[in-house]
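Following: one structure in structure tokens, then a few remarks.
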Amino acid sequence: MSSPTPLLANLNDEQHEAVTLPPRPALILAGAGSGKTRVLTTRIAWLIQTGQVSPGGVMAVTFTNKAAKEMLTRLGAMLPIPVRGMWIGTFHGLCNRFLRAHWKLAALPQGFQILDSSDQVSAVKRVIKAMNLDEERFVPKQVTWFIAGSKEDGLRPKDVQARDENTRTMIRVYEAYEEQCQREGVVDFAELMLRTYELMRDNEALREHYQRRFRHILVDEFQDTNKLQYAWLKMFAGPQAAIFAVGDDDQSIYAFRGAQVGNMAQFEREFKVEKVIKLERNYRSFGNILDSANELISRNSRRLGKNLRTEAGPGEPVRVYESTSDFGEAQWLLEEIQQLHREGMPRSDIALLYRSNAQSRVIESALFNAGVPYKVYGGLRFFERAEVKHALSYLRLIENPNDDTSFLRVVNFPTRGIGARSVEQLQDAARVSGRSLCQSVGAVTGKSGVNLQGFVRMVDDMREATRGLTLREIIEHMLHASGLVDFYRTDKDGKERLENLEELVNAAEAFVTQEGFGKDAVALPVDEVAAVSAPQTESVRQELAAAVTPDAETGEIMSPLAAFLTHASLEAGDNQAQAGQDAIQLMTVHSAKGLEFDAVFITGLEEGLFPHENSLSDVDGLEEERRLMYVAITRARKRLYLSFSQTRMLHGQTRYNVKSRFFDELPEPALKWITPRNQGFGSGFAREYQSAWSRGSGMGSMVGAGRVEPRAPAVVPRAPSHGLRAGQSVFHNKFGEGVIVTLEGSGDDARAQVNFGRHGTKWLALSVAKLTPVE
DNA sequence: TTCACTTGTTTTTTT
DNA sequence: AACAAGTGAA
């Protein structure tokens, strides 16, 4: 290195090597907490600063808006020059950009709108209804899943293999759904990707243009890419671009939605990556935490292989706590948290993680009752709230009256005497004429027809009245003219909803001022024209120029309203924007990915819950659960707590659980089983004991081995004639030790449901099976 | 058309 | 337990 750049000053050797790799396909295996984002952004800055590429020649793709924003922010701090013309964004955001510029070639209307997942389900539902199919057999959600899955495999209806009658029908639905979307001028998320991919594939001039342009393509979280995204990247990269893929196969936790970890190995092979660089030095956690993570994940097969190390020393042990009930677990969490907070740890540096959302309830009530501020992630997001979706539907109808999804959503909300019957008539009429609902209102006779026409006129009036107004004024007018404001004002719990509608106005205002609306839609084609004005393909230049030709009527390239609606679908808003007070962080393990905290509590570590019972059937499922656990562990900086409970309320009934197998996969020396404290609520009931049962499977490193006392179950079940009770530990010759979950029947019919941990939960006839009580 | 009641469902989630 | 979706009566 002739002149050391300050950019690279604080990188370790591995990072340095990754950042300064020659412009060839590269694969970086970046462990948790190894400075992945840093490498990614420094690489971009370095490439630009050393003049190897102009900002316009860089594309950087992420999965979430958050990651994209973070990358932009960090880059902004590194580079003095504004990063204009760089394509940094999510896969879908970049596709949106692309399709806004090439809408004509993509056969889309200029103002095409994007369906979010719930819109998509209701659109599919309509197709299923229109085709007179049985909704029991063809569940809209599942069919939607099928369609999205097909698209993510790059398959159009004609390409999908019709293995059986069922699939054949779903393909017909897929086909009809596509027609419907095209007719209504809407696209779903997968369509954004597929449409972009196909246009690149089929249009040589465009392909050459973009392939020549992007010299460097950087991909974050590569392990989460699906088949289509992989093909998409290949299409944009062409033969000469350098793809810089960063990922961690051990953190692949989205296989259930189509992510293919195999893409990493495939990439290595297909792009002839000479040397895979591993970032294994961890800057986040102490040794005991990392040892636990390493040991656990080593149980997975088919890994690319990677071991995290730290120079921070072992730190504190990983604390393990067993509780008799989920309630007790929550109490313990509460006390532990308060202790940490008293010791000076900010609440926002403490995370409570769980496998599934339903588990948050108990914890929430414990925190709530104690008056501890907390924040739950993963609830309804802003743009997904019913009242906001209603408002957005009106706005969409102003923009595009043929958007039937929106039409149906609000045609009778607030109620205006248009019931199911009227809507059905209207849909029939529309089907016959092949036109949109809005265009078909004239065909419905009688009182229904009058009401329907009244609705359409109302929307038309809105469109007329808001012409030329600012975005804020448009929304305010719509809120009143639609009757939404009046409706929620009289509604008994409409106050909060009204506030959300007010918030929508603010969001729009912020969108216009801060973002500079339609940044993606407008500025980029303009940039694109500039970028290609030189010796590029003339046809592409013309195409791009056409895309930025203003609308003859309004003079706008894309209306602020259309741009805002796009923004609303592509970026659903924060999960729950509770004011910035210092609060405990509650979230699922999935949503914790990418975050880090001083103290992390992983709760509900029970067989059937974590690992989840639905994942136990196959090896892949279990390995994904293990990766999930790995992700959870590696979120912790200083302290890690693991907890489980013998009983838990689930779906309204008490379940008896066995501790998670993951405990057997952690290094004993790193763990410390902590003694239950006096819980301090009432006498006789809630004192917790270490049960003999829990010590069964070889956890030799128990501390304080002397205090084995008979367990006092939280709720003492009645003892029937066979002498067994729910919650009791039993031994079975074949399945080993288990816990009785439920008992049914009596005499010869008596049956027991027993949870045998890794052997699963079984129903056993007591007259046949020999169950020996263990105590 | 609407309201009250019954029934069924319940992993993880971004765009 | 909690919520959505469906059903039946006014």
Side-chain angles (χ1 to χ4, degrees), chain A residues 61-68 89-96 114-122 125 135-136 139-141 145 148 151-152 187-194 196 220-221 224-226 228-229 252-259 326 353-362 364-365 377-381 383-384 386 412-423 447-448 451 566-575 587-594 604 608-617 621 624-625 627-629 631-632 648-655:
Chain A
V61 211
T62 64
F63 276 85
T64 64
N65 291 304
K66 200 173 155 206
T90 62
F91 275 105
H92 296 88
L94 295 182
C95 287
N96 178 49
I114 299 163
L115 299 182
D116 70 17
S117 4
S118 63
D119 296 334
Q120 201 190 345
V121 175
S122 52
K125 200 170 181 175
E135 279 189 56
E136 301 265 291
V139 187
K141 232 186 196 158
W145 178 246
K151 288 187 182 184
E152 278 160 12
V187 296
D188 59 43
F189 288 129
E191 186 70 28
L192 285 170
M193 292 286 318
L194 186 51
T196 302
D220 191 18
E221 307 275 21
D224 286 339
T225 51
N226 60 35
L228 177 57
Q229 284 159 338
S252 158
I253 55 173
Y254 287 113
F256 74 92
R257 65 173 199 219
D326 48 352
L353 308 185
Y354 34 80
R355 173 66 234 266
S356 58
N357 282 306
Q359 289 167 249
S360 75
R361 191 173 302 277
V362 216
E364 276 187 73
S365 71
Y377 288 80
L380 255 198
R381 298 189 318 193
F383 287 114
E384 291 169 356
N412 197 33
F413 191 93
T415 50
R416 42 177 78 89
I418 302 173
R421 196 63 229 288
S422 316
V423 173
K447 194 157 159 270
S448 315
N451 285 344
T566 300
H567 166 82
S569 337
L570 232 37
E571 213 168 322
D574 272 340
N575 276 348
M587 66 192 84
T588 63
V589 178
H590 280 91
S591 34
K593 187 173 165 207
L609 246 192
F610 198 3
H612 197 277
E613 51 201 351
N614 295 2
S615 321
L616 295 179
S617 47
E624 178 141 323
E625 294 289 303
R627 290 193 292 269
L628 201 47
M629 181 67 185
V631 168
R648 183 174 297 277
M649 277 292 262
L650 207 65
H651 313 323
Q653 54 180 322
T654 307
R655 286 194 11 167

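In what follows, every heavy atom counts, from backbone to side chain, and hydrogens, waters and symmetry copies are set aside. Lettering follows sequence order; numbering is per chain, from 1.
Between B/dT13 and A/Thr588, a contact under 4.0 Å exists linking OP1 or OP2 to a side-chain N or O. Side-chain nitrogen and oxygen atoms of A/Asn357 include at least one within less than 4.0 Å of the OP1 or OP2 phosphate oxygen of B/dT13. Dashed line: the shortest gap from a side-chain N or O of A/Thr62 to OP1 or OP2 of B/dT15 is not under 4.0 Å. OP1 or OP2 of B/dT2 lies within a sub-4.0 Å distance of a side-chain N or O belonging to A/Asn412. A/Asn65 has a side-chain polar atom (N or O) that falls below the 4.0 Å cut-off from OP1 or OP2 of B/dT15. Taking side-chain N and O atoms only, A/Arg381 has no distance below 4.0 Å to OP1 or OP2 of B/dT13.
Closest contact between the side chain of A/Leu570 and the listed nucleotides B/dT2, B/dT15, B/dT1 involves B/dT15. Of all nucleotides listed (C/dA1, B/dT13, C/dG6), C/dA1 comes nearest to the side chain of A/Met649. Closest to the A/Thr415 side chain, of the nucleotides C/dG6, B/dT2, B/dT13, is B/dT2.
Residue-level contact check: A/Asp188 touches neither bases nor backbone, having no heavy atom under 4.0 Å from any strand. Residue A/Ile418 is classed as a sugar-phosphate contact, given heavy-atom separations below 4.0 Å to backbone atoms only. Contact annotation for A/Tyr254: backbone-only contact, meaning every heavy-atom pair under 4.0 Å involves sugar-phosphate atoms and none involves a base. Contacts of A/Ser117 with the nucleic acid, taken as non-hydrogen atoms under 4.0 Å apart, include base atoms. Heavy atoms of A/Ser422 sit under 4.0 angstrom from primed sugar atoms or phosphate atoms, though from no base atom.
Rounded to an integer number of Å, the gap from A/Gln359 CD to B/dT10 C1' is 13 Å. Straight-line distance from the CG atom of A/Leu650 to the C1' atom of C/dC3: 15 Å, rounded to whole Å. Rounded to whole Å, atom C1' of B/dT12 lies 10 Å from atom CH2 of A/Trp145. Between A/Lys141 atom NZ and B/dT13 atom P there is a gap of 13 Å when expressed in whole angstrom units. Here B/dT15 presents its P atom at 12 Å from NE2 of A/His567, a figure rounded to the nearest Å. Note: CZ (A/Arg355) to P (B/dT11) measures 10 Å, nearest angstrom. Here B/dT14 presents its P atom at 13 Å from CG of A/Asp116, a figure rounded to the nearest Å. Computed from coordinates, the A/Tyr377 OH to B/dT14 C1' distance equals 17 Å when rounded to whole Å.
The nearest heavy atom of DNA chain B to A/His92 and to A/Ala420 marks one nucleotide each, and the one closer to the 5' end goes with A/Ala420. The nearest heavy atom of DNA chain B to A/Arg421 and to A/Glu625 marks one nucleotide each, and the one closer to the 5' end goes with A/Arg421.
Taking the 5.5 Å centre cut-off and the 30° plane limit, the aromatic side chain of A/His651 is classed as stacked on B/dT10. By the 5.5 angstrom centroid cut-off and the 30-degree plane limit, A/Phe63 is classified as not stacked against the base of B/dT14.
Between the side chains of A/Gln359 and A/Ser356, at least one donor-acceptor pair of N or O atoms lies under 3.5 Å.
Contact check on A/Arg627 versus A/Glu624 returns a salt bridge, with a Lys/Arg side-chain nitrogen under 4.0 Å from an Asp/Glu carboxylate oxygen. Note on A/Glu571 versus A/Arg381: no salt bridge recorded, every NZ/NE/NH1/NH2 to OD/OE distance being 4.0 Å or above. With respect to the salt-bridge test (charged N to carboxylate O, under 4.0 angstrom), the residues A/Lys593 and A/Asp224 qualify.
Between the base of B/dT15 and the side chain of A/Thr64 there is no donor-acceptor pair shorter than 3.5 Å.
Looking at heavy atoms from C-beta onward, A/Phe91 lies out of side-chain contact with A/Thr62 at the 4.5 angstrom threshold.
Judged by distance alone, the side chain of A/Thr196 and the main-chain N or O of A/Leu192 form a donor-acceptor pair under 3.5 Å.
For A/His92 and A/Phe63, the gap between ring centers reaches or exceeds 6.0 Å.
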